[in-house]
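Shown next, in structure tokens, is the structure this report addresses.
Convention: sequence-line order gives letters A, B, ...; per-chain numbering from 1. Bear in mind the structure is a predicted one, so any value in this text is a computation, not a measurement.
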Amino acid sequence: MTERSFISIQDVSKHFGDVRAVDNVDLEIAKGEFFGLLGPSGCGKTTLLRMLAGFETPTSGEIFIDNEPSAAVPHFLRPVNMVFQNYAIFPHLNVFQNIAFGLRKDKLSKDELTRQVDTALEMIKLEGYGNRGAHELSGGQRQRVALARALVKKPKVLLLDEPLGALDKKLREQMQLELRDLQRELGITFVFVTHDQEEALTMSDRIAVMADGKVLEQGAPAKIYERPQTRFAADFLGSMNFIDGQIKGIDGDAYVIETDQLGTIKAPNTAQKFAEGEKLTIGLRPENIQISPRASKVQRENSVNAVVKTAAYLGDRAHIYVVLKDASEPVLVTMQNLEGAISNTLESNLDVAISWSDRSVLMLKNS
Amino acid sequence: MTERSFISIQDVSKHFGDVRAVDNVDLEIAKGEFFGLLGPSGCGKTTLLRMLAGFETPTSGEIFIDNEPSAAVPHFLRPVNMVFQNYAIFPHLNVFQNIAFGLRKDKLSKDELTRQVDTALEMIKLEGYGNRGAHELSGGQRQRVALARALVKKPKVLLLDEPLGALDKKLREQMQLELRDLQRELGITFVFVTHDQEEALTMSDRIAVMADGKVLEQGAPAKIYERPQTRFAADFLGSMNFIDGQIKGIDGDAYVIETDQLGTIKAPNTAQKFAEGEKLTIGLRPENIQISPRASKVQRENSVNAVVKTAAYLGDRAHIYVVLKDASEPVLVTMQNLEGAISNTLESNLDVAISWSDRSVLMLKNS
Amino acid sequence: MSANPEKSGPSWLGTYTVCYLIFIYLPVLLLPVFSFNDAIYVAFPMKGFTTRWWAELAQQDGLFEALKNSFLVAVPVSLVSTALGICSAKALTGYRLFGKQIFTGLFTLPLVIPFIILGISLLIAFNSYGLPLSLWSVGIGHVLICVPFSLFVLMSRLESFDHSIEEASLDLGETPWMTFWLVTFPVAMPGILASLLLTFTISFDEFLLAFFLTGNDSTLPIYIYSQLRFPAKLPAVLALGSAILVVTFIIVTIAERLRRQGDAQLGTGVE
Amino acid sequence: MSANPEKSGPSWLGTYTVCYLIFIYLPVLLLPVFSFNDAIYVAFPMKGFTTRWWAELAQQDGLFEALKNSFLVAVPVSLVSTALGICSAKALTGYRLFGKQIFTGLFTLPLVIPFIILGISLLIAFNSYGLPLSLWSVGIGHVLICVPFSLFVLMSRLESFDHSIEEASLDLGETPWMTFWLVTFPVAMPGILASLLLTFTISFDEFLLAFFLTGNDSTLPIYIYSQLRFPAKLPAVLALGSAILVVTFIIVTIAERLRRQGDAQLGTGVE
């Protein structure tokens, strides 16, 4: 356990009967971090969160919060609070009573209680909503009240279970930024669970990608998105073109890779070691591929002729599927729509060239 | 009624008690078109679709389909079929029986019936699924069966009510392209309803944007997205920075516009007429604004110094909110993440410059 | 996610379940036990084992007459009250929220009127209008109390019924009449069967209204009641009661299975 | 969208509703009508208006004794069976699907046993174990049939009960005991009140079990039954029946309002 880690999850497993919901997970979360647990439904991320909250007990392994082993602590004494997925607003209490619920035990004076709740209402921009009934709140307001109710307890760690899952798209995008700003302001450690990759990328300082109860990889959003180590993470976070290849040789500080689909391509010789002759999977992010008319001069290292198969105009950008001469699997290219220039490349059967740079080529081990 | 129009909706209204669900709508839809009705929930788009299907009768106005007035035709004789929002698969019938349901009346031989259903199953890539029960199908499969069930009737018009609303994101994106390819192959006129702007932009040949029972504007996706005529459409389709301005003068073929937020800017003098001194709203799409370090040389017509307020990293792109010197309302900039270059501009309080070209400035009448 | 498979409540609930089941089934199970007891007096300690009460049962003419009468009432009652239940449910689901609550109240209120008062009312009504008492009058009384039950069973089914499948049928070219037979009826079938079984059971079991409204014909519960005057016949009554228990158990199990099957079907229909 | 506000079903459903309501309420409404009829014989044509049957009612000692007995039984029965209903509902929602279906069946089966058979079983049970018949035995019999009803009312409420609010309370530092009192109980309150009112009504109205299981004390339905032997007392019985109808109507309306109020609250709780 390093000095830095505030929450330490050490070799934790949780079995429900024969199901290994969480399978030998190790995680270290620093103080003040906004940490995202990302994965498809059923990957064990919620179970892991519920173990941090004390609603589930690990089958094996140990969890330390602020250097205290948390196994023995009853959950109502833990220095953590939780925002539930459906917000779990008490339906029989008004906003004030909801927020004040956790302060009952503190035996505050009436004035002090009012002051604390008012401060919380101000924080979530719901001044004057104290007397509203739970059923009078919109989805976004319920989310804020749930947040305030947990934060008045001044927890060392705030856990959030799909905090924005119940909100519609525009509100969700706005709340993502608000939530992150709030966390930075308060300096409290936030751990949240989501299945939405954009939410994880937008809000987290670090992300752990989970699948089948295991943590596949973890790191800063840009690292996970731009340099994923596993095919699962590469595919789950955004779109990715996967191309089968084989190492043909090493040319200085670059690998030379033979592919059926793109011919011979190069990739930088990074830390990951590949042997000559080894088969591997190449990953190319659609936004790292450039599409241009055949005639135009291409400045990047790799360029291949292709034909537009189909294209989806999305307004601010387009998804263009191109096929290469002898390849059946189309390659996806994403292009930002700068001043409507995109329209020139959306026509089916248009002859185009696609290009990419060596350093955008991702090399993934076949397992 | 022009020669071209296949479905003609003439001054159609539908009132439910005091509610004007559809309010004096005129629309012409061409044969073979993929037509999208886009709007927020409650805007009347579904009611309009249900009038085309014959499930509602217009309070006033007339609908012609293939030159026939459709008011008097009972809906089970109309040359239209519908794919319902929840797919409305018959729960007590298997896939074969569901698809064959509409063919009962044709009194086909058993062989011919089987042949037609098999062809339909092939079309939706569910060969061999004939004996599956309705409850054994996934969401995407239900959608396909509903499609096949309607298409075996060989309708002149296929109506689709939020056809992909019940599917998850990845499947939805895939089905959007499949549905569009299928429509082009069959040449049948498709009219669909959606509240999802990306779905409308991706699939439609033309879009009608609806609000409060009225059609606000219509046209090809690129026209509606890039040259919206109304603030509502500009805002509903994608993101848009709105800036208050006032016409200061006309400089050759360009307007000179005074704004508080961006200083004096220029815009091309397009068909829309503005008078000198007129107040208006400027629209700037976030993807048409470029963000760059202060030092770098900017090649575009307009450039302003700004400071990054907050930024959301989304992997393939970023949403960056910048504030200008004396403006409180932040400006949103979208930037594609080309080879990870985005990371340089995501830092809060970073000094940057934003730039845009004159022709990306949209001028909207204040109403 | 995290469906919490461990959660089975505090352990005292298991103990509670066992105690409660003993409390309710102990008296009921005395019936079959004593029906094989070789003694006229129903009391502990028990004597030897015998099947003679069951044999005696088979020789009682009045029993089979009563059984026949019960069927003669219960079968039409279940059909009529389910038909009325369908109409009522259709009518109620058609109304908007406010009217619906009031009408639902009016439709189901007969359920909470004490049966003895309902019986008196009906008796007065038949007398006032000069109608004779017979199995017909029993049937009419039973329909009155069975419709609300049928309504309960069918309402929940009709409310979760997805009307877009009816629209889909119309859209695919079927007439409203064929749509009813090809779509509405088969999908609603499990609920209708459950209603038929439930109303049959209620009518078959009902004592008080039958007691007030019957003429000379007795239904099974009335026959049982009449037998109670003769202490010697009690063991045979126990045998009869046991038989009814078993049959009731079987019918209810079937009805419940049908209901659940329908739920499963509708469940996937809505997804 | 397009909630189809026009859809109110075919017009014959309106006619049906009216006919049906006449069919069920015509006999019931004869009761109050004849209770003001100035004649001992309950038959058309009616004579003049009188309130003397109502006045007579107020002077019957046995009536108030029976009323008191009915309350003495119904109040504890409603409390006990609702308490047992809560435990049962808790126990049943704790089980997994399969066990739950079986146990739910076992818990509710007593409902479909003909009351006459249930009455005989209980009578035998009390005799066998040497327990005296009294209002106590009536109460025990009533609890047996009331618990399943209480269970029905509470189960649907507990199933839609959002347990995350209990977890939220624990998470905010409350003990399980305080969580029950601060969260679980108040949120479940409308359902509990509805159960209390329903079981009270059932016990208050029940005739057959009371008839079998009571000793010398009669409850109200039994008192009414005993009055029927004297034709001269029939008009007063009609007045009594009318009074019971009104009270029943009021109680049921309150119970229904509570139930709906709880629904609305939970509805927003789940959103």
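At a 4.5 Å heavy-atom cutoff, the contact between D:Leu84 and chain C is made by backbone and side-chain atoms alike. At a 4.5 Å heavy-atom cutoff, the contact between C:Leu228 and chain D is made by side-chain atoms alone. Looking at D:Ile113, the atoms closer than 4.5 Å to chain C (heavy atoms on both sides) sit in the backbone and in the side chain alike. Heavy atoms closer than 4.5 Å to chain C are found in the side chain of D:Thr248, but not in its backbone. Of the atoms belonging to D:Tyr225, heavy atoms from both backbone and side chain fall under 4.5 Å from chain C. For a residue to count as touching a neighbouring chain, one of its non-hydrogen atoms must lie under 4.5 Å from one of that chain's; by this rule D:Ser88 touches chain C with backbone and side chain alike.
Interatomic distance, C:Ile117 CD1 to D:Asp205 CG, rounded to the nearest 0.5 Å: 7.0 Å.
For chain C, the option among D:Ile202, D:Leu208, D:Ile251, D:Leu122 with the highest count of heavy-atom pairs below 4.5 Å is D:Leu208. Contacts with chain C were tallied for D:Phe34, D:Tyr129, D:Phe115; D:Tyr129 has the most, counting heavy-atom pairs under 4.5 Å. Counting heavy-atom pairs closer than 4.5 Å to chain C, the top-ranked of the candidates D:Gly119, D:Cys87, D:Gly241, D:Gly130 is D:Cys87. No other option in C:Leu220, C:Leu144, C:Val237 has as many heavy-atom pairs under 4.5 Å with chain D as C:Leu144.
Partners of D:Ser150 according to the side-chain hydrogen bond (donor to acceptor under 3.5 Å, both in side chains) rule, which considers only residues two or more places apart in sequence or in another chain, are D:Ser195.
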Can you list, pair by pair, the side-chain donor-acceptor contacts under 3.5 Å of residues 18-33 of chain C, counting residues two or more places apart and other chains?
| from | atom 1 | to | atom 2 | distance (Å) |
| --- | --- | --- | --- | --- |
| C:Tyr25 | OH | D:Leu106 | O | 2.5 |

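Shown here is C:Phe207, whose CZ atom has more than 12 heavy atoms of other residues, nucleotides or ligands within 6.0 Å. Applying the 6.0 Å contact sphere to OH of C:Tyr223 captures more than 12 heavy atoms from other residues, nucleotides or ligands.
The closest side-chain heavy-atom distance from D:Ile224 to C:Ile120 is below 4.5 Å. The shortest side-chain heavy-atom distance between C:Leu238 and D:Ile124 falls under the 4.5 Å cut-off.
Contact detail for D:Pro114 and C:Ile244: the closest heavy-atom pair is CG-CG2, 3.8 Å.
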